[in-house]
2 protein chains.
Amino acid sequence: MPDPEETFLAEYDPAAFPPVAVTVDVVALTMREGVPVALLIRRGVPPFQGAWALPGGFVHADEDLATAALRELGEETRLPSDVHIEQLGGYGSPTRDPRMRVVSIAYLLLAADLPDPRPGTDAAEAAWVPLRELGFGTGGPTPRPLAFDHAAILADGVERARSKLEYTALATAFLPAEFTMAGLREVYEALWNVPLHAANFHRKVLSVPGFVVDTGRLTAQGGGRGGRRARLYRAGDATSLHPALLRPAGEES
Amino acid sequence: MPDPEETFLAEYDPAAFPPVAVTVDVVALTMREGVPVALLIRRGVPPFQGAWALPGGFVHADEDLATAALRELGEETRLPSDVHIEQLGGYGSPTRDPRMRVVSIAYLLLAADLPDPRPGTDAAEAAWVPLRELGFGTGGPTPRPLAFDHAAILADGVERARSKLEYTALATAFLPAEFTMAGLREVYEALWNVPLHAANFHRKVLSVPGFVVDTGRLTAQGGGRGGRRARLYRAGDATSLHPALLRPAGEES
DNA sequence: AAAATAGTGTCTGTGAGACAATATCTT
DNA sequence: AAGATATTGTCTCACAGACACTATTTT
């Protein structure tokens with residue numbers, strides 16, 4: 001057995017390991033005009049120049065992974081103070097990047113009302129793209145191909161968001177600080193792609209302790225096409241929902 | 001804007017990125033003598049020499065991440081053909097490894113009746129350690145500290161397994177091909193650390209389509225302390241459970 | 001007034017949990 | 001026979017979904 005200290009030094013040599021780079025990629029979702037959208041950029045540099053891709057980039061030295069994800073996304077859009085961010089996982093197929101071995105840690109970010117994006121470094125264009133145009137939701141055009149394995153990462157992110165709506169209070173992350181029951185229901189309907197029974201949804205949400213808190217105030221105006229003024233709620237303390245709001249058993253898309 | 005090809009070549013240079021290594025770490029869980037156990041190794045080399053840690057190691061060039069996880073675990077124990085493996089996520093705090101920047105992709109592995117482990121490379125010892133001794137479950141001694149951030153990874157793995165028991169057929173991954181209802185219930189009780197009502201559990205499991213399949217045969221002998229012979233089941237086709245088997249609402253540990 | 005949206009009441013079917021009872025098995 | 005385990009029966013409560021109805025606002 002070699003001297004431990006010697007082994008330590010041998011392992012400390014960075015060149016002893018296969019060259020690999022670590023990146024972060026971000027699935028950023030928000031609601032715009034009632035439809036769920038994802039932030040995509042059009043790549044301005046090879047590889048996949050001209051293709052659409054998730055925002056992301058290389059992790060800096062001594063930088064936390066989640067910090068890197070927020071930094072990269074901040075290059076494309078102005079982030080509000082309260083965003084939800086969680087890790088999706090690591091993507092490390094040896095062939096996912098033609099340049100070299102790149103392991104990417106993907107993050108899911110949810111926020112309300114993000115502004116129009118600006119193209120950051122290496123990006124020719126940046127845009128909020130409705131999920132419907134990306135192959136999620138019913139119908140819609142044939143989804144555009146994405147660079148690298150970003151289509152799989154995006155699919156994982158959307159599915160994560162969809163399933164966490166069931167058992168966590170995550171839906172409020174899509175909404176501004178104060179929202180109506182109809183607004184909350186729209187998030188569920190748009191992401192799950194199913195119509196929900198308004199009356200039952202209303203009662204079910206109120207039955208979950210800590211999901212929403214009644215502000216006591218009402219919207220200034222009724223609906224655009226008539227209708228009663230709606231009560232305003234804000235997010236409650238609960239992070240997990242008991243009982244859960246399960247997706248209807250039937251089919252989706 | 002520089003020539004695209006030139007940029008491509010510049011980005012292709014591995015030395016342009018901060019040196020970083022990618023490892024895999026494995027939370028391997030199984031049931032031994034009715035108690036859930038995790039595989040730990042005692043490190044034979046610095047850093048953290050002598051400390052207990054999760055099995056794992058550096059990802060080889062051109063090797064898939066999950067493949068690396070199985071290879072590293074195969075150094076410590078003989079893996080059967082049918083194991084469940086899923087990714088837990090990436091762990092990349094800049095300070096998690098004192099040697100250099102190391103991003104680790106953690107995997108959760110579940111299997112039935114794994115044999116006694118053998119210490120692999122760099123390991124002084126390898127052992128199945130009851131989760132109870134690692135701070136999970138009620139009571140138990142003060143858990144031993146683990147190397148790196150492995151305590152957090154282990155906790156994430158255990159919690160993942162616990163919560164996936166609720167809505168997936170994952171519990172069967174802990175059991176041999178044929179098992180009894182009591183064996184299945186033991187998995188739930190041991191991991192959730194709660195007593196379950198045997199009669200209700202029985203009926204609930206059978207009510208979930210595709211969870212288990214009746215083989216028509218019975219155990220050779222009744223229970224060690226008397227009792228009727230139990231029916232043998234095998235895992236069904238279902239991967240997700242409808243309806244789910246929810247954890248009792250009360251407290252656990 | 002008519003239409004649209006918000007919110008409440010009520011009924012029914014399903015499933016979870018409690019408890020009881022029956023069926024086998026070992027000692 | 002006694003005790004232990006397996007399995008089935010039954011009752012009750014909570015909740016999801018369906019439907020009907022009331023309340024309030026815009027056009």
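Being a predicted model, the structure only gives us computed values, none of them experimental.
- Residues D156(B) and Y91(B) have side chains that bring a donor and an acceptor to within less than 3.5 angstrom of each other.
- Bounding nucleotides for the chain B contact on DNA chain C, 5' to 3', at a heavy-atom distance below 4.0 Å, are dA16(C) to dT27(C).
- Counted within 6.0 Å of CZ on R78(B), heavy atoms from surrounding residues, nucleotides or ligands total 12 or fewer; the atom is thus considered open.
- Taking the side chain to side chain donor-acceptor pair (under 3.5 Å) definition, one finds that D214(B) meets it with R231(B), sequence neighbours left out.
- Shown here for V213(B) and G236(B), the closest heavy-atom pair between the two residues is CG2-CA, 3.7 Å.
- Against DNA chain C, the stretch residues 226-242 of chain B makes heavy-atom approaches under 4.0 Å through G226(B), G227(B), R228(B), R229(B).
- With sequence neighbours excluded, the residues forming a side chain to side chain donor-acceptor pair (under 3.5 Å) with E133(A) are R144(A), listed by chain and number.
- With rounding to whole Å, L218(B) atom CG is found 8 Å from dT7(D) atom P.
- Using a 4.0 Å heavy-atom distance criterion, A244(A) is classed as a sugar-phosphate-only contact.
- Note on ring orientation: taking the six-membered ring where Trp is involved, the planes of F148(B) and H150(B) are tilted (angle from 30° to 60°).
- Of the residues in residues 199-216 of chain B, those with a non-hydrogen atom less than 4.0 angstrom from any atom of DNA chain D are A199(B), H202(B), R203(B).
- Applying the side-chain hydrogen bond (donor to acceptor under 3.5 Å, both in side chains) rule to pairs touching residues 166-183 of chain A yields E166(A)-R247(A), E178(A)-R217(A), sequence neighbours excluded.
- Toward the 5′ end of DNA chain D lies the nearest nucleotide of T180(B), the other residue of the pair H197(B) and T180(B) mapping further downstream.
- Rounded to an integer number of Å, the gap from Q221(A) CD to dT24(D) P is 17 Å.
- Considering every non-hydrogen atom in both P117(A) and A126(A), the closest pair reads CG-O, 3.4 Å.
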